[in-house]
2 protein chains.
Amino acid sequence: MKRKITLKQIAKELDVSISTVSKSLRNSLEIGEETRLKVQAFAKFYNYKPNNIALSLKNRKTKSIGIIIPEIVHYFFSTVINGIEQVANEYGYSVVICVSDDSFDKEVLNMEMLANGSIDGFIMSLSKETQFKGDFHHITEVINQGMPVVMFDRVTNDILCDKVIIDDKSAAYEAVQSLIDSGRKKIALVTTVDYVSVGKLRTDGYEKALLDNGLPFNEDLIIKIEDVDTCEITISELLHARAFDAVFAVNELFAVTIIKTANKMGLKVPEDLAVIAFTDGIISKYSTPTITTVSQSGEKMGNKAAKMLIERIEAEDDDDEEHNENYITEVIETHLIKRESTD
Amino acid sequence: MKRKITLKQIAKELDVSISTVSKSLRNSLEIGEETRLKVQAFAKFYNYKPNNIALSLKNRKTKSIGIIIPEIVHYFFSTVINGIEQVANEYGYSVVICVSDDSFDKEVLNMEMLANGSIDGFIMSLSKETQFKGDFHHITEVINQGMPVVMFDRVTNDILCDKVIIDDKSAAYEAVQSLIDSGRKKIALVTTVDYVSVGKLRTDGYEKALLDNGLPFNEDLIIKIEDVDTCEITISELLHARAFDAVFAVNELFAVTIIKTANKMGLKVPEDLAVIAFTDGIISKYSTPTITTVSQSGEKMGNKAAKMLIERIEAEDDDDEEHNENYITEVIETHLIKRESTD
DNA sequence: TTTCAACACTACCACGTTTTCGTAAAGCAA
DNA sequence: TTGCTTTACGAAAACGTGGTAGTGTTGAAA
């Protein structure tokens with residue numbers, strides 16, 4: 001068990017100074033060829049690699065970015081991480097991941113843990129609790145310290161920073177419109193109770209699509225689900241009443257549960273009930289019937305977010321007076337993936 | 001935009017030495033109460049937090065652990081990360097994640113990137129390519145440098161280190177046995193072509209269960225799938241021939257595809273075909289019919305792996321002569337979750 | 001008056017790098 | 001020999017911490 005070798009050890013071993021070793025390895029012309037080659041050979045033999053921590057301390061750059069997300073066992077978020085990881089890797093960055101578990105306190109704790117020099121910037125999606133509380137001081141704080149932050153998907157207008165989102169409203173609009181186009185008149189919206197930004201926007205899109213088509217906007221057809229397990233009861237009651245002939249669900253878990261409930265009641269999808277879900281996940285692809293979804297490319301969001309963050313990080317070097325704060329909000333395209341749950 | 005404040009800046013501002021500031025903040029009795037309180041107040045006001053990088057350099061501890069996995073958009077792996085993250089957080093560690101994409105080169109690159117001081121230890125699952133090549137020099141290297149490594153799920157006997165696995169063989173045995181118990185005689189195994197350790201073990205368990213029950217072990221009933229998309233054809237041919245009445249699939253993706261194919265052919269699951277899948281993922285829970293699975297708790301594996309790693313890391317401090325290399329292999333329990341795809 | 005301890009603080013080192021500046025030795029022209 | 005340039009290297013600072021050892025002052029005991 002040999003510990004990693006350092007410049008100092010090499011210097012001692014070869015009886016030269018640390019600077020000589022450092023310069024030799026960086027191929028400085030200051031050092032005579034003989035010494036240079038000797039040092040390089042020695043370093044190679046002992047597999048010398050500069051210590052990242054020391055470099056970080058010296059350069060005030062860690063070459064790593066922090067990701068804070070509400071959940072990780074979640075198709076969408078894991079695709080985002082994947083997207084971030086790809087770009088980060090390309091640029092030589094590592095990614096540090098923290099899960100807030102949709103808890104405000106954890107989010108704050110995680111940010112504080114990473115903000116003390118461990119990373120060069122954040123990519124984050126707000127926890128439900130944070131969105132509900134509307135308390136973003138932890139984020140303002142790191143931004144004020146000059147650390148770049150990119151928010152994605154679950155964002156807030158209260159913070160000025162780069163953002164990557166999808167146009168939830170028009171994506172929802174498009175989905176509902178397609179249901180209307182196929183002749184559906186009574187379209188239900190199945191959403192969450194949480195006050196999450198995206199939920200609100202999707203509801204807006206739903207409403208607008210109805211009104212634009214001269215259909216009534218009926219509050220009773222907005223079904224707010226607290227817990228997936230209780231979803232079934234609510235749904236089946238409404239289905240019994242034949243209250244709706246189509247459903248727009250804000251996530252695929254709701255959608256699949258609705259389909260299963262309908263099937264149990266002898267209703268056929270899509271004949272008796274058309275279903276569209278937000279988020280193109282793995283369930284939609286493999287459920288029976290497969291589910292028409294609004295695709296929301298997490299990978300693209302991740303790619304974009306990582307690029308934006310890294311650009312910010314590396315721009316700081318040059319223009320270190322006052323970084324120009326012309327923050328941008330990137331909108332990622334969505335599209336409807338038609339599958340068997342609609343006709 | 002105020003940069004983070006340092007001990008040095010506080011010292012200068014209050015016109016005392018750096019050591020005085022450091023000691024005041026650590027509540028050392030060496031420092032008079034007046035000065036101590038003054039410093040503490042000042043530090044609190046400016047929200048002083050020690051710089052992690054400097055601490056890491058000094059303590060030769062980064063308080064972060066590296067995770068290297070083949071994929072991240074993958075239910076099982078994301079649950080493992082979740083498990084690791086929970087424990088890591090509890091002990092004050094951060095997790096750095098790298099994805100090998102099942103590529104040997106990326107795995108090596110990622111390990112090298114992290115091994116130069118960025119982390120205190122690794123938790124990893126081998127990439128397919130690495131398992132196929134049988135080249136583990138990058139892992140031996142970090143271990144030789146004294147960095148603890150814990151491997152999980154996709155492990156190898158060629159490396160001596162702590163491991164967390166499930167008993168793939170007996171889990172497979174149990175699954176096949178349950179099919180036999182319900183009267184199935186012609187049981188197919190649907191597996192991958194890759195030479196991944198777990199695949200081999202599951203095949204062994206399958207074979208043993210058959211033989212122990214006096215059933216013939218027929219190579220033709222072992223279906224090796226190269227690509228999920230081509231799976232359907234192979235399966236349907238065999239189904240036409242009524243070659244089997246039950247399937248044991250090594251993952252849920254295969255299982256759901258098989259079920260869909262059978263349905264298309266007018267076969268009923270489980271009446272005409274019983275299906276059991278390895279890995280209890282989200283698809284199994286939501287497919288129609290729901291799929292009986294061998295649960296493999298990724299979260300537990302993650303918990304355990306993280307605990308083992310952190311214990312190793314923190315044990316090194318005390319016993320720094322020669323750490324006792326009594327490596328352990330932890331076997332996580334599995335159990336069969338009966339759902340609709342079997343009777 | 002001397003000595004000793006307590007007090008309150010500072011100096012210095014180490015962690016591993018990079019980089020700027022300095023300088024000794026050698027070479028060369030005058 | 002003197003003065004100047006070049007070559008080839010070394011010393012030291014800096015990044016931010018924290019611990020050990022040291023230092024100067026004060027008051028009191030001997």
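Lettering of chains follows the sequences in order, A, B, ..., and the numbering in each one begins at 1.
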Which nucleotide in the set D:dG18, D:dG19, C:dT18 lies at the smallest distance from any side-chain heavy atom of B:Ser19?
D:dG19
For a quick check under 3.5 Å, do B:His138 and B:Glu107 share a side-chain donor-acceptor pair by atom type?
yes
A:Asp162/A:Arg312 salt bridge by N-O under 4.0 Å criterion:
yes
Protein-nucleotide distance (B:Leu25, atom CG; D:dT17, atom C1'), rounded to Å:
11 Å
So B:Glu85 and A:Cys98, do their side chains get closer than 4.5 Å, heavy atoms only?
yes
Atom pair distance, as rounded to whole Å: CG in B:Asp120 and C1' in C:dC15:
14 Å
Nucleotide nearest A:Val16 (side chain, heavy atoms from C-beta), chosen from C:dC15, D:dG10, C:dT10:
D:dG10
What is the distance, to the nearest angstrom, from the CG atom on A:Leu29 to the P atom on C:dT19?
14 Å
Nearest nucleotide by nearest heavy atom, which residue falls closer to the 5' end of DNA chain C, B:Glu33 or B:Asn59?
B:Glu33
Using a 4.0 Å heavy-atom cut-off across all strands, classify B:Lys49 as base, sugar-phosphate, or nothing.
sugar-phosphate
Side-chain donor-acceptor contact under 3.5 Å, A:Glu71 with B:Asn82
no
Which whole-number value in Å describes the distance from B:Ile18 CD1 to D:dA14 C1'?
11 Å
Categorize B:Ser22 for me: base, sugar-phosphate, or nothing, with a 4.0 angstrom heavy-atom threshold over every strand shown.
base
Compare side-chain N and O positions of B:Arg60 against OP1 and OP2 of C:dA14 and report whether any pair is under 4.0 Å apart.
no
Determine whether B:Ile31 and B:Thr20 satisfy the following criterion, side-chain contact (heavy atoms from CB on, under 4.5 Å), listing intermediate values before the conclusion.
CA-CA 7 Å; B:Ile31 306 299; B:Thr20 304; 3.9 Å; yes
Does A:Arg26 or B:Arg36 map to a spot on DNA chain C nearer the 5' end, using the closest nucleotide for each?
B:Arg36
Please classify the nucleic acid contact of A:Leu55 as base, sugar-phosphate, or nothing, using heavy-atom distances under 4.0 Å.
sugar-phosphate
What about B:Thr35, does its side chain sit under 3.5 Å from the base of C:dA8 through a donor-acceptor pair?
no
If you go through the side-chain atoms of A:Lys8, does one of them form a donor-acceptor pair with the base of C:dT17 closer than 3.5 Å?
no
Could you check how far CD1 of A:Ile31 sits from P of C:dA25, rounded to whole Å?
17 Å
Length of the CD-P vector between B:Glu30 and C:dA8, whole Å:
11 Å
Specify the separation, in whole Å, of atom CG of B:Leu57 and atom C1' of C:dA14.
9 Å
Please give, in whole Å, the distance from C:dT18 P to A:Lys23 NZ?
12 Å
Closest to the side chain of A:Thr20, out of C:dT10, D:dG10, C:dC15, is D:dG10
Have a look at B:Thr6 and say if it touches a base, only the backbone sugar-phosphate, or nothing, with a 4.0 Å heavy-atom cut-off.
sugar-phosphate
